[in-house]
Amino acid sequence: MGGYGDVKLLNDDGTRLDGRAIDEMRPVEIRAGVLPAADGSAYVKHGLNEAIVAVYGPMEAHPRRIQLQDQAVLDVRYNMAPFSTSDRIRPGFNRRSREISKVTAEALASVVLVERYPRSKIRVEIEILSAEAGTRCVGITAAAVALADAGIPMRDLIVGVAAGKVEDTVVLDLDKAEDNYGQADLPMGIMPATGEIAFMQMDGDLSMDELNTAIEYCFKGAADIYELQKAALKDRYDGGVSQ
Amino acid sequence: MGGYGDVKLLNDDGTRLDGRAIDEMRPVEIRAGVLPAADGSAYVKHGLNEAIVAVYGPMEAHPRRIQLQDQAVLDVRYNMAPFSTSDRIRPGFNRRSREISKVTAEALASVVLVERYPRSKIRVEIEILSAEAGTRCVGITAAAVALADAGIPMRDLIVGVAAGKVEDTVVLDLDKAEDNYGQADLPMGIMPATGEIAFMQMDGDLSMDELNTAIEYCFKGAADIYELQKAALKDRYDGGVSQ
Amino acid sequence: MGGYGDVKLLNDDGTRLDGRAIDEMRPVEIRAGVLPAADGSAYVKHGLNEAIVAVYGPMEAHPRRIQLQDQAVLDVRYNMAPFSTSDRIRPGFNRRSREISKVTAEALASVVLVERYPRSKIRVEIEILSAEAGTRCVGITAAAVALADAGIPMRDLIVGVAAGKVEDTVVLDLDKAEDNYGQADLPMGIMPATGEIAFMQMDGDLSMDELNTAIEYCFKGAADIYELQKAALKDRYDGGVSQ
Amino acid sequence: MSTQTVPQLLRQQLAILAESDQRIDGRGRWEMRDIDLEVGCLYNAEGSAKVTWGDTVIYAGVKFEIRTPYDDRPAQGSLMCGSELRPVAHRKYDPGPPSPESIELGRVVDRGIRESGCIDMANLCIVPGEKVWMVVLDIHVLSDGGNLFDAAGLAAIAALRNATVPAARFDVGEDYQLPVSLTPIMTTFTRVGGRLVYDANEEEELGGDERVSVTLGDTGAMHSMQKGLKGTFTPPELAEILDVAAEHCKNLRELVDSKVN
Amino acid sequence: MSTQTVPQLLRQQLAILAESDQRIDGRGRWEMRDIDLEVGCLYNAEGSAKVTWGDTVIYAGVKFEIRTPYDDRPAQGSLMCGSELRPVAHRKYDPGPPSPESIELGRVVDRGIRESGCIDMANLCIVPGEKVWMVVLDIHVLSDGGNLFDAAGLAAIAALRNATVPAARFDVGEDYQLPVSLTPIMTTFTRVGGRLVYDANEEEELGGDERVSVTLGDTGAMHSMQKGLKGTFTPPELAEILDVAAEHCKNLRELVDSKVN
Amino acid sequence: MSTQTVPQLLRQQLAILAESDQRIDGRGRWEMRDIDLEVGCLYNAEGSAKVTWGDTVIYAGVKFEIRTPYDDRPAQGSLMCGSELRPVAHRKYDPGPPSPESIELGRVVDRGIRESGCIDMANLCIVPGEKVWMVVLDIHVLSDGGNLFDAAGLAAIAALRNATVPAARFDVGEDYQLPVSLTPIMTTFTRVGGRLVYDANEEEELGGDERVSVTLGDTGAMHSMQKGLKGTFTPPELAEILDVAAEHCKNLRELVDSKVN
């Protein structure tokens, strides 16, 4: 987390600078099947974040040394487009994107039935087109839809959502200012149907009570996004490519 | 193309600064079989440009994933030696050399009978020792001779030659000043025997009439270089290594 | 070698700044079996230098193209830890460490019975934790012990030791000041039992007479280190992991 | 890559279709696929465009950086054009350093823009000899359904014409529209079934031969050309496609004009 | 990597042991292996620590560099934390560019230190706006016997608390102790045989599932968390391990205190 | 690389020849192959040389750059020496980052030049503390027919002695000859068929063992030595080859003298 303290992030009436309640999410919009070349794809707009995910596979895993004998490898790449942020980002991977790719892959491997496809590979390409705050969560939400759109069998969908702390108050779904000047950030990957956590990171400063509130908010937000995910997939099968 | 206009590139009598007529090439010198370790090789001096090309193969293409089932892969590298230009070039490939390598390989694949060597690889190493202007064309001219010297069967030799525009006049074979201050550059790879074009790039500003004139000049220049290519190969077989 | 001349490196009584005689080594300490995860390992402290070496293997050499049909490949890496020198070193290999890795591998391949393990690989990882002067020699001394600790059959142990020239005087085992301001450095890899030289580099300025003296000093130092190597291995087998 | 059987069957099919002047998706030889062009669609980009061209989807985004000018052009801004042919775009693309295909795409789009002189570089000077704007144009291919070159070229010029110089954010004055006075357009022809066709789709590229891309400016002059892939062509063939190119460039320029003001 | 047979047998064995609340090396579910901590052990480092944690051996070294401060924090020093998971540490590590495992380790250790606010960055200013100290902390893993995260976190904070700012050597004043006011401690739990255990060893990691790492500060607040590897957990499970974590953090903090003054 | 059968047969043949003091190309044990040396042969290099040594062909080129001097040597220029063992030179060389062989070649040539003190670095100062010349020497191997080290060393010193400092082009005075006062020469010996020979050719290297390279200066002192490849030697063997080296160095130094003025 960035600076602490001297930036005002809550209004006098307890609402946030953009008018949201402390447990209110930014608007979310989800579409499935947006990329013709992919086996599955999804677009998610969450606040001002925009992510597109393409899924390819299952396909033969090569080189052979990356194959797993009893399951598929999830080959996940999280990438920010050069024009996705205020200052241009140099193309290519950096340490941040590699870490996010790794933990995202591990989260997705927790829900995909990877045992069905031994020795194969499923490629998940997460492209962030516009970044506000919380892109790793948006990528997870979109990846789950794209995997389902590709017909990859999963135990459940997974939802990416974050809570945080600003002015000593726990809030749901940090926006950019809250992310820059807040006191803690807790991105989670939640399986709403089973109540499991497949992804979790945290930095900043949270007491145990604050942590519990933050987790509660995340589960609440995840339930709402889950409905949008299912609706997007239903639209896709009802209406063909919904581009 | 670089700057436009305020640099004088033509004399009052219509000749160029170095005395050439507008459709006259710089002097060209070609030798085959100059590198003992290579299967085939050639040296071309064109104006102040100097290129040496080594050819190795056909050989097994590895790793296997680069193999083509029905033809040989042409693995072409265009490389400028660090001391080949006025300012030293850092060793290693850059975007320019990778693009030239790619289009050169595609041009050569259009004349080599690659179908004769399925699953194999032919390496073509183009080294620019001194650069004036037009090195990609000199590399192509030398590569064709080196391939022939290596006994690789080809439909025809291919000649690299360029035309351009200076002071609103189309001219053959730009030298360095003309390249830096001219208005257009059109490098071509021509098969003189059949009149086909296997390589072509252009940048700058050319009307359709100017383009036609430029192409005509290139074909004229190619015919002359073609004779020098054949003579160099003949010398090689008559006289052994002509180093 | 660095500067010449104006730095005083010998005392008036002919001893060196740290009190050593000209043919006297810095203190050396050797332990075997210090890393639980490795198949063999060793720690060497030589003056203020500290090196740890891990050996893994013999194991299958992959990718297959690095396999040798009639012997094992010695895959040696010499690496300086970022905090091993006065100014922090950026992690990753550089030209110096690649050259040292290469010549060290070749020296070790001269004593290991590599013919016993065709198509396999033996990994030797040399980590310099603290560098004073002469780290490549310390790495060789430690690598020999680690290979023996791993049970890899060898013709003999090999000892790394250096001589040099300061103030026109040949001395054994340069320390940091002597290395920085001396006139020559001669690191050697010696097989004390047979009197063979498996590793040798030199830079600076040495007459033939000086060279002979330097070699003589190195052999003398090697004999002493050899005893410490054998004692460390004996301790290891007597006492188990001597960590 | 190593499976050459499908392309061989596909090549035969394309040759048979060509004999009766047909194409695999029913188009005429010089006919274009459906195109959709959106501009201003990316929140953090100073200029942006999304092109949906058949099954090809490409975004272009423009960002600005302040740089020291080049010594020989102290009062001129500069342009950098990158392309990313990332694995998102097709099953066939691998991760890793930029492929030759990716580099070629970026450089050909760059030359078409740069050589047309469409950007007024003198207008991008902040302090002569000290600070100038660098226009950074990034091409981001999301779905490769064939003819990336033309779709990328279209996204590039549309994003540039949509761009605003963010002077206020950098504390160097007021924002103003990037001055783009011309609209260079690229058209690409591919040999399919033995003859050159316009706007090849993915299958036609897979079973086709060489590609010729031409960028024409507002006056009809040529600003860049690039022959790629294995195969040859003749001067009369070039003349023929240049006529077709002129017509399509005019139509596509009108499309851009209709989307940006 | 490709041999999955051993892990399957190992997984079965671990599951059977878990049923009777046992572990493969005889420890209790929340029990730690033996630890040895040395500080000040590296000659050229300005601060250093060696942690031997079961079969895991890790060095941490601190160096200092003088840098220009960041624009938005002109009077504050900075911290850089790198980790090297080099092939020396285990048969399974390959040479080459930093692996995702290596990057994750460094970043998680970094966040635990950084987010705790334990280093007084204002105390690392030399000339405001011009020169500040950058603390460079390098984690060097020499033997991977499991639970690298906790061992690396312990080595990191011990090396920092052992560090001296080498002002004299850089000619900017007198040496002084790096001001580290807090002692964040990381604890890691791994699912083994179906339940979460503390401080998994190498075999338990090989046959286990997800890992949850938590860094707690001196007051018991959480400063960083990281879930890694395939697998899921529930909020009640998290609550349970947080209680265990608090106890271990307290003990390990006392160990650090006993070694540095 | 993986075909070890040819080298084994070759080794046997070389051993048999060695028994009767013969070499595979008919030379005597200490005999050199034919050499051709050209200087000043590269248009854009400030100094250059081409060495044809048996079937080995190497170019060396010298360029100059203006740099800030090192803090501890404010009035001294510097030298950088690179080598490129590119795939052009032999079927066995792959493209990619510099191989260990390539790096070793460059560093050994560099040490021979640098440690001899042959370049007057004080003469390469333009403005003390601000601007000095960096001499950049690039070794470019075009054909590897064996004994690259000696051929590269010869090309290097010949190119340096041929070099002109391009002060006029950089607007810092008049051109002048690079001051090179000494002529260090490298000689390399290889164990072939069990005994050391001078100037091994490609086959002898393929079927041989260790290599010992020695650079001797004008006064006969040794400036650098490098033992490479698998194999060992003894002090008496070293003494023997040093005598041979002295003789060859003298002859090669005369060759260089005859080509440069």
Side-chain angles (χ1 to χ4, degrees), chain A residues 1-4 61 64-71 74 93-103 105-112 114 118-119 155-156 158 183-191 194-208 210-212 215-216 218-219, chain E residues 1-8 11 72-73 76 81-83 94 97-108 110-112 114-117 184 209-217 219-239 242-243 245-246:
Chain A
M1 305 308 298
Y4 292 77
R64 196 173 290 184
R65 66 183 163 75
I66 70 161
Q67 289 183 1
L68 298 179
Q69 297 306 306
D70 55 356
Q71 54 188 274
L74 280 183
F93 287 100
N94 51 41
R95 289 170 60 89
R96 175 181 172 275
S97 64
R98 284 195 193 276
E99 185 199 352
I100 295 176
S101 297
K102 176 181 190 289
V103 291
E106 291 163 350
L108 296 174
S110 308
V111 298
V112 169
V114 286
R119 295 193 185 81
R155 287 204 291 134
D156 193 2
I158 175 171
Q183 295 158 295
D185 186 22
L186 176 83
M188 296 184 73
I190 290 171
M191 298 160 67
T194 63
E196 290 166 79
I197 301 164
F199 173 81
M200 190 167 188
Q201 293 184 307
M202 181 265 165
D203 60 15
D205 187 280
L206 278 184
S207 72
M208 291 302 138
E210 290 167 339
L211 175 68
N212 289 334
I215 291 174
E216 187 189 306
C218 283
F219 270 86
Chain E
M1 269 273 205
S2 62
T3 54
Q4 302 294 307
T5 319
V6 173
Q8 282 306 332
R11 290 180 77 85
D72 55 343
R73 278 169 290 176
Q76 302 234 319
C81 180
S83 73
D94 291 319
S99 64
E101 287 71 25
S102 180
I103 290 169
E104 185 190 18
L105 175 62
R107 287 176 61 86
V108 171
D110 179 284
R111 283 198 292 266
R114 185 183 304 274
E115 300 291 335
S116 75
D209 294 298
E210 83 277 8
R211 156 178 42 74
V212 181
S213 300
V214 183
T215 302
L216 301 182
T219 66
M222 176 182 290
H223 293 307
S224 82
M225 193 177 349
Q226 179 90 348
K227 180 263 172 178
L229 306 181
K230 182 183 158 188
T232 64
F233 60 98
T234 61
E237 287 179 322
L238 180 61
L242 286 174
D243 280 346

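Numbers restart at 1 for each chain; the letters A, B, ... are given by sequence-line order, proteins then strands.
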Compare all side-chain heavy atoms of [X] with those of [Y] and state whether any distance is below 4.5 angstrom.
{"X": "L206(A)", "Y": "M225(E)", "value": "no"}
{"X": "M202(A)", "Y": "R111(E)", "value": "no"}
{"X": "H223(E)", "Y": "D203(A)", "value": "no"}
{"X": "L74(A)", "Y": "K230(E)", "value": "no"}

* Atom group of L229(E) that falls short of 4.5 Å from chain A, counting heavy atoms -> both
* **Side chain / backbone / both / neither for R119(A) at chain E, heavy atoms under 4.5 Å** => neither
* Please flag which part of V111(A) lies under 4.5 Å from any non-hydrogen atom of chain E: side chain, backbone, both or neither. =>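 Neither part, no heavy atoms under 4.5 Å.
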* To do: Test I197(A) against K227(E) for side-chain contact (heavy atoms from CB on, under 4.5 Å), laying out the working first.
  => CA-CA 9 Å; I197(A) 301 164; K227(E) 180 263 172 178; 5.8 Å; no
* For each of E237(E), E210(E), Q226(E), R73(E), tally heavy-atom pairs with chain A at distances under 4.5 Å, and name the one with the top tally. =>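 Looking at each option in turn, the highest pair count goes to Q226(E).
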* To do: Walk me through it: do T194(A) and T232(E) pass the test side-chain contact (heavy atoms from CB on, under 4.5 Å)?
  => CA-CA 10 Å; T194(A) 63; T232(E) 64; over 6 Å; no
* **Heavy-atom pair with the smallest gap, counting every atom of P235(E) and G195(A)** =>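 Heavy atoms only, the tightest pair is CD-O, 3.7 Å.
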* Structure fact -> Nearest heavy-atom approach of S110(A) to G231(E) is OG-N, 2.8 Å
* Asked: Do you know which of M208(A), M191(A), R98(A) has the most heavy-atom pairs under 4.5 Å to chain E?
  -> M208(A)
* Might you work through the side-chain contact (heavy atoms from CB on, under 4.5 Å) test for R107(E) and R96(A), ending with a clear yes or no? => CA-CA 8 Å; R107(E) 287 176 61 86; R96(A) 175 181 172 275; 3.7 Å; yes
* Does a donor on one side chain sit under 3.5 Å from an acceptor on the other, for Q69(A) and Q8(E)? ->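 Their side chains do not contain a donor-acceptor pair, so the 3.5 Å distance test is not met.
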* Asked: What distance separates L238(E) CG from M200(A) CE, expressed to the nearest 0.5 Å?
  ->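 Interatomic distance, L238(E) CG to M200(A) CE, rounded to 0.5 Å: 5.0 Å.
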